[in-house]
Undergrad: 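Structure incoming, see below.
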Amino acid sequence: MKLDSLTPPLFSGVPECTIDETLFQQFLERADSDQWDNWTLFQLIREAEATKISPSFDQLLCLQHLPAVIPYPHQVETAKKVLNELQGRAILADEVGLGKTIEAGLILKEYMMRGLVKKALVLVPASLVLQWTRELNEKFSIGAFAQRNEWSWTTYNVLVSSIDTTKREPHRSLVLEQDWDLVIVDEAHKLKNRKTKNWELINRLRKKYLLLLTATPIQNDLKELYNLINLLKPGQLGSAQHFTASFIEQRRKPKNPVELREALSQVMIRNKRSEGGIYFTNRNVTSIPLELSVQERELYEAVSSFVKEEYLKRRAEKGNVLPLITLQREICSSPYAALPTLERMYKDPKTPESLKTRIEHLYQMGESIPLNEYTKGKTVIDLVTQTNDKVIVFTEYRASQEYLMYMLEQAGVRAIPFRGGFGRGKKDWMKDLFEKRAQVMVATEAGGEGINLQFCNHVINFDLPWNPMRIEQRIGRVHRLGQTRDVYVYNMATRGTIEEHIVNLLQEKIRMFEMVIGELDLIIGKMKLSKNIENDIMDWIMEAKSETELAARFDELGQQVTKAREDLLQDTFPEWGL
């Protein structure tokens, strides 16, 4: 007998039964459909029921559903502790490079699978919006979207946004009007001051769970830590006055460390490389000294002389010295990089006629050097050819990038550009092309942030930024957790130029390439160096009366960094967990 031959009258002998015609018809349709015995649906229903009745988070259900993620043991244990013991409110304070993003992703995925989180907000620096969005989608199969406009706030359940955008109107009001199940804040040390709009925004968000990610929960003052913890669990450390009286002996020296460590264990987890089980490949750094050609040397000397004269004059008159700083740095990169600035200076109506003749002469000197005769360019081609592997080449300047792309094309090397002007989609596309089709990526400073390139292990610094922090950002794209091969870094250093001093400072004086990832960040923070360190270096260059005097200034900076590093090793609060 066919099921569709059954009709309600067959049940007419059961007076207690009332038949719903619509429901019965749906039953008949389902019985005849192929979904009646669909094994996939059965498995999904079974897993859903198991999730609901699971009494604890001792086993992470999400691990069975993340083929693109093989988490390290410390990441799994961190996720379990946050879920089981810290009730979803925690500071994830692992040392840089140990995968705080993976830990946060595991926690988010687990909560979503158990039906405890539906709406989630991820707030990150603008340069990391694309990376977070992509990793949540590709690694964790979470439908995350990058915030693009006002409508995004009410359209998507899982949203990744820049914290700087979010704190501005009209976005701020739209975010504060909603209830969020989970909020994740990356680079959370930017919330250390409770008087800032960042802190106020996170404090006012209506949220059930909150994760704060930072490798530096303390930078200058223990009160910064108090402000972070107050976002998570107000009152956990008492009032501000009680915390100061009970736990602070000096700004960075704790009182009652055992008691403080116990209080911190209720809100913070910090994994370290020294605890073992966390492996980083070696970093091999080579300085490549180069001799400029006669034409290049003449141009460099002429530009440097021009810059020095004008810099000292303008600074005395409190004029604009920025174009001169830019020009000096560009000529260290390549003659081609300096040409656009020289052209702009020539066309600037404020430029005196007396200078235009000199600027025009410098421009003609640079233009007369054949592109295929640049010393650094030829060396890059040789290195790429010898390496016969994927290479990322960093330069600070768009013109040098265009020059390198041209040279690589002429040499028959497949290369792709990467720079800040690209939209999120194009950056994604460029990364994919580099991984699957091209041998070389030529990146400006934008390539030093927001992308992970562990499939590449060769880095060429065509020119070096004058701010040491940017070097670590560059190398950190390839030398990070997940890199399986040793990393090779090549630094170009033209003899008799400022570039030689910069390479010597970074590589020999402060030995920054030997530091673990993130160590330089702590050192710079401790030293409280000027945010405009590039300007300070420019002052040294312009004021130095000789190469010996300039070298001495760089030596002094190197000694300061070394001293700060030694102090930091003795000032990491091992007795109470930091």
Undergrad: Would you call Glu435-Lys431 a salt bridge at under 4.0 Å N-O?
TA: no

Undergrad: Using a strict cut-off of less than 4.0 Å between a Lys/Arg side-chain nitrogen and an Asp/Glu carboxylate oxygen, indicate whether Arg485 and Asp389 qualify as a salt bridge.
TA: yes

Undergrad: Give, for atom CD of Glu103 and atom CD1 of Ile184, the distance between the pair rounded to the nearest 0.5 Å.
TA: 11.5 Å

Undergrad: Rounded to the nearest 0.5 Å, what separates atom CG in Asn461 from atom OG1 in Thr395?
TA: 9.5 Å

Undergrad: Nearest 0.5 Å please: distance from the CG atom of Leu159 over to the CZ atom of Arg148.
TA: 10.5 Å

Undergrad: Please determine whether side-chain contact (heavy atoms from CB on, under 4.5 Å) holds for the pair Leu182 and Leu211, giving the CA-CA distance in whole Å, both sets of side-chain angles, and the decisive distance to 0.1 Å.
TA: CA-CA 8 Å; Leu182 172 61; Leu211 299 177; 4.2 Å; yes

Undergrad: Please work out whether the ring planes of Trp153 and Trp180 are parallel, tilted or perpendicular, with thresholds of 30° and 60°.
TA: perpendicular

Undergrad: Can you tell which of Leu228, Asn230, Ile229 makes a side chain to side chain contact (heavy atoms under 4.5 Å, CB included) with Tyr226?
TA: Asn230

Undergrad: Please round to the nearest 0.5 Å and tell me the distance separating atom CH2 of Trp199 and atom CG of Asn193.
TA: 10.0 Å

Undergrad: What I'd like to find out is whether the side chain of Tyr209 reaches to under 4.5 Å of the side chain of Val183, using heavy atoms alone.
TA: no

Undergrad: For the side chain of Gln87 and the backbone of Glu85, is there at least one donor-acceptor N/O pair under 3.5 Å apart?
TA: yes

Undergrad: State whether the side chain of Arg270 and the backbone N or O of Ala93 hold a donor-acceptor pair below 3.5 Å, judged by distance alone.
TA: yes

Undergrad: Would you check if the side chain of Trp132 reaches a backbone N or O of Ala144 as a donor-acceptor pair within less than 3.5 Å?
TA: no

Undergrad: Where does the angle between the aromatic ring planes of Phe280 and His479 fall among parallel (under 30°), tilted (30 to 60°) and perpendicular (over 60°)?
TA: perpendicular

Undergrad: Distance-only, no hydrogens or angles: does the Lys81 side chain make a donor-acceptor pair with backbone N or O of Ala79 under 3.5 Å?
TA: no

Undergrad: Check Asp181 with Lys119, please: is the shortest side-chain N to carboxylate O separation under 4.0 Å?
TA: no

Undergrad: Taking the side chain as every heavy atom from C-beta outward, state whether Gln131 and Val129 have any atom pair closer than 4.5 Å.
TA: no

Undergrad: Give a yes/no verdict on a cation-pi contact between Lys390 and Phe434, requiring under 6.0 Å between NZ or CZ and the six-membered ring centre and an angle within 45° of the axis.
TA: yes

Undergrad: On the 0 to 90° scale, with breaks at 30° and 60°, tag the Tyr72-His74 ring pair as parallel, tilted or perpendicular.
TA: tilted

Undergrad: Between Asp463 and Ser400, is there a side-chain donor-acceptor contact under 3.5 Å, judged purely by atom types and distance?
TA: no

Undergrad: Check this for me, if you would: do Glu169 and Arg172 make a salt bridge, where the nitrogen-to-carboxylate-oxygen distance has to be below 4.0 angstrom?
TA: yes

Undergrad: Pick from Ile460, Val459, Leu464: which one makes a side chain to side chain contact (heavy atoms under 4.5 Å, CB included) with Asn491?
TA: Leu464

Undergrad: Do NZ/NE/NH1/NH2 and the carboxylate oxygens of Lys426 and Asp432 come within less than 4.0 Å?
TA: no

Undergrad: Decide yes or no on side-chain contact (heavy atoms from CB on, under 4.5 Å) for Glu200 and Arg194, but give the supporting numbers first.
TA: CA-CA 7 Å; Glu200 190 264 348; Arg194 64 182 301 143; over 6 Å; no

Undergrad: Less than 4.5 Å apart, side chain to side chain, heavy atoms only: is that true for Arg206 and Leu176?
TA: no

Undergrad: Would the distance check show the side chain of Gln483 and the main-chain N or O of Val478 forming a donor-acceptor pair, the cut-off being under 3.5 Å?
TA: yes

Undergrad: Over all heavy atoms of both residues, which pair between Ser161 and Thr166 is shortest? Give the atoms and the distance, please.
TA: OG-OG1, 2.9 Å

Undergrad: So Met430 and Pro417, do their side chains get closer than 4.5 Å, heavy atoms only?
TA: yes

Undergrad: Rounded to the nearest 0.5 Å, what's the gap from CG on Leu123 to CG on Leu212? Could you check?
TA: 10.5 Å

